[in-house]
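Heavy atoms only: backbone and side chains are in, while hydrogens, waters and symmetry mates are out. Proteins come first, then strands; the chains are lettered A, B, ... in the order of their sequence lines, and each starts at number 1.
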Protein chains: 2
Amino acid sequence: MSGGDNLLKLVEAEEPDDNDYRLQEQVGFILRKAHQRHVSIFASQIGDLTPPQFAALAKLHDVGETSQNQLGTLIAMDAATVKGVIDRLKARGLVDLTKHEVDKRRLLVNLTPEGREAIERLIPLARAITQETLAPLTAKEAATFMRLLAKLA
Amino acid sequence: MSGGDNLLKLVEAEEPDDNDYRLQEQVGFILRKAHQRHVSIFASQIGDLTPPQFAALAKLHDVGETSQNQLGTLIAMDAATVKGVIDRLKARGLVDLTKHEVDKRRLLVNLTPEGREAIERLIPLARAITQETLAPLTAKEAATFMRLLAKLA
DNA sequence: TTGATATCATTTGCATACGAATGAATTTGG
DNA sequence: CCAAATTCATTCGTATGCAAATGATATCAA
């Protein structure tokens, strides 16, 4: 190796490979923090609904009546999680549940008028939440970020 | 449900603003899904430890003895959450807890030999998890993504 | 010094999140 | 047609995650 002794020593000193694991630079750790920050921004703008609850209402507003299970698929929640979310929305009168006439396994979920009013009122706030979440990025960076994030999700 | 047919809810719906809201394109929704995917990859590689538990061990390995509260700050967990994580690690013999000699409020957390063995064994797997999480991106895209994600977190 | 503040840890309550097991209803394959 | 497989929903157990309240200790300021 030509003239590399000093450089080699330096590199070895800085990169012992196993001792050098940096938690703060791992994608999972930063993803978790970014998600936490978003939830916090959401809560500051929409205090009385959680992001999953909002997602359920927004999707129902979008697609209309669906089964609980199907709704879960649309908003990326497993059956156990979606049940809890829908139960709480029902308790607040934002959705109602009816049995499917033909397929008796299914539970159909609908927005109530109150639920419809709520989601339509909240959607502008949700736009502001998206903007605030992306505020640390320029418009171009945000576009790039969204494109790459979508690939990961 | 009583009454009858579906009333067609033709809410004469041409408010472009409201109809345009696409949940699937909001940063918070995709962030949540990307995080879910990462947790799932983590679980497939490291079945007997959760990402927060791993983070606690990795950080302890990095900085040595710290108070429970300080550890929480380092790995972005509030006091209530970190307590649960540390309790479970203690129950498994991966950390031990001692009272601070001078400041009696503080609870000092240390890796046990088993905890040290575990984290050193798992770090290579964690590197693989990071790689697999970023696998949908090219190397250049991954670098860009990490830079932008860090700005958001 | 002491009274007000601040910090550390704990506890409680609520809300995701998911694996696994279960029961009911439907669909499929032979 | 029927037995097996699948689907839908529910329940249980475990693990974050955070707000708010509490108790113990430490620090600061008048």
Side-chain angles (χ1 to χ4, degrees), chain A residues 28-29 31-44 46-57 66-92 94-95 97-109, chain B residues 28-29 31-44 46-57 65-92 94 97-109:
Chain A
F29 185 80
L31 218 38
R32 175 171 149 272
K33 287 214 300 177
H35 181 247
Q36 282 176 5
R37 172 171 168 271
H38 170 261
V39 171
S40 167
I41 290 169
F42 190 102
S44 75
I46 300 182
D48 66 342
L49 224 51
T50 64
Q53 289 167 3
F54 176 87
L57 295 183
T66 24
S67 74
Q68 190 174 272
N69 222 40
Q70 174 63 13
L71 181 60
T73 299
L74 293 171
I75 58 180
M77 280 177 217
D78 70 13
T81 300
V82 79
K83 184 189 189 305
V85 172
I86 294 302
D87 279 353
R88 285 180 282 276
L89 292 175
K90 176 177 163 54
R92 292 174 56 176
L94 300 176
V95 302
L97 305 177
T98 54
K99 286 181 184 169
H100 192 287
E101 300 271 324
V102 177
D103 187 339
K104 294 177 184 172
R105 294 169 306 179
R106 296 191 197 173
L107 195 58
L108 296 174
V109 188
Chain B
F29 185 80
L31 218 37
R32 175 170 149 273
K33 287 215 299 177
H35 182 248
Q36 282 176 3
R37 173 170 167 271
H38 171 261
V39 172
S40 167
I41 290 169
F42 190 102
S44 74
I46 299 182
D48 66 343
L49 224 51
T50 65
Q53 289 167 2
F54 176 87
L57 295 183
E65 182 178 72
T66 25
S67 74
Q68 190 174 271
N69 222 39
Q70 174 62 14
L71 180 60
T73 299
L74 293 172
I75 58 180
M77 280 177 219
D78 70 14
T81 301
V82 78
K83 185 190 189 306
V85 172
I86 294 302
D87 280 354
R88 286 180 282 276
L89 291 175
K90 176 178 163 53
R92 292 174 55 176
L94 300 176
L97 305 177
T98 55
K99 286 182 184 168
H100 192 287
E101 302 259 325
V102 176
D103 187 340
K104 295 176 184 172
R105 295 170 305 180
R106 296 191 197 174
L107 195 59
L108 295 174
V109 189

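- Side-chain nitrogen and oxygen atoms of B:Thr50 include at least one within less than 4.0 Å of the OP1 or OP2 phosphate oxygen of D:dT16.
- Between the CG atom of A:Asp48 and the C1' atom of D:dA19 there is a distance of 16 Å, rounded to whole Å.
- Within the 3.5 Å criterion, the main-chain N or O of A:Pro51 finds no donor-acceptor partner in the side chain of B:Arg32.
- The CZ atom of B:Phe42 sits 13 Å away from the C1' atom of D:dA15 (whole-angstrom rounding).
- Here the P atom of nucleotide D:dC18 and the NE2 atom of A:His38 are 14 Å apart, to the nearest Å.
- With contacts defined as side-chain heavy-atom distances shorter than 4.5 Å, the pair B:Arg92/B:Leu49 qualifies.
- Taking the six-membered ring for Trp and thresholds of 30 and 60 degrees, B:Phe42 and B:Phe54 have ring planes more than 60 degrees apart, a perpendicular arrangement.
- At the heavy-atom level, B:Val39 lies nowhere under 4.0 Å from the strands shown.
- Shortest non-hydrogen contact noted between B:Ala56 and B:Leu89 is CB-CD1, 3.9 Å.
- B:Gln53 contributes a side-chain N or O that, together with a main-chain N or O of B:Thr50, makes up a donor-acceptor pair within less than 3.5 Å.
- Place A:Ala80 and B:Pro51 on DNA chain D by their nearest nucleotides, and A:Ala80 ends up nearer the 5' end.
- Rounded to a whole Å, the NE2 atom of A:His35 is 10 Å from the P atom of D:dG17.
- A:Val102 comes within 4.0 angstrom of sugar-phosphate atoms only, judged by non-hydrogen atoms across all strands, and of no base.
- Two residues are said to be in side-chain contact when any heavy atoms from C-beta on lie closer than 4.5 Å; B:Leu31 and B:His35 fail this criterion.
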Under 3.5 Å between N/O atoms: give me all the protein pairs with nucleotides 7-9 of chain D, atom names plus distance.
| residue | atom | partner | partner atom | Å |
| --- | --- | --- | --- | --- |
| D:dT7 | O2 | A:Arg105 | NH1 | 2.7 |
| D:dC8 | OP2 | A:Asn69 | ND2 | 3.4 |
| D:dA9 | OP1 | A:Leu107 | N | 2.5 |
| D:dA9 | OP1 | A:Leu107 | O | 3.3 |
| D:dA9 | OP2 | A:Asn69 | N | 2.5 |

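- Using a 4.0 Å cutoff to heavy atoms of chain A, the contacted part of DNA chain C runs 5' to 3' from C:dA15 to C:dT26.
- Residues A:Leu71 and A:Val85 have side chains not in contact (no heavy-atom distance under 4.5 Å, counting atoms from C-beta outward).
- Between A:Lys99 and A:Lys104, the closest side-chain pair of non-hydrogen atoms is not below 4.5 Å.
- Nucleotide D:dT14 holds its C1' atom 14 Å from the CG atom of B:Leu89, rounded to whole Å.
- Across every non-hydrogen atom of B:Asn69 and B:Ala79, the tightest pair is OD1-CB, 3.8 Å.
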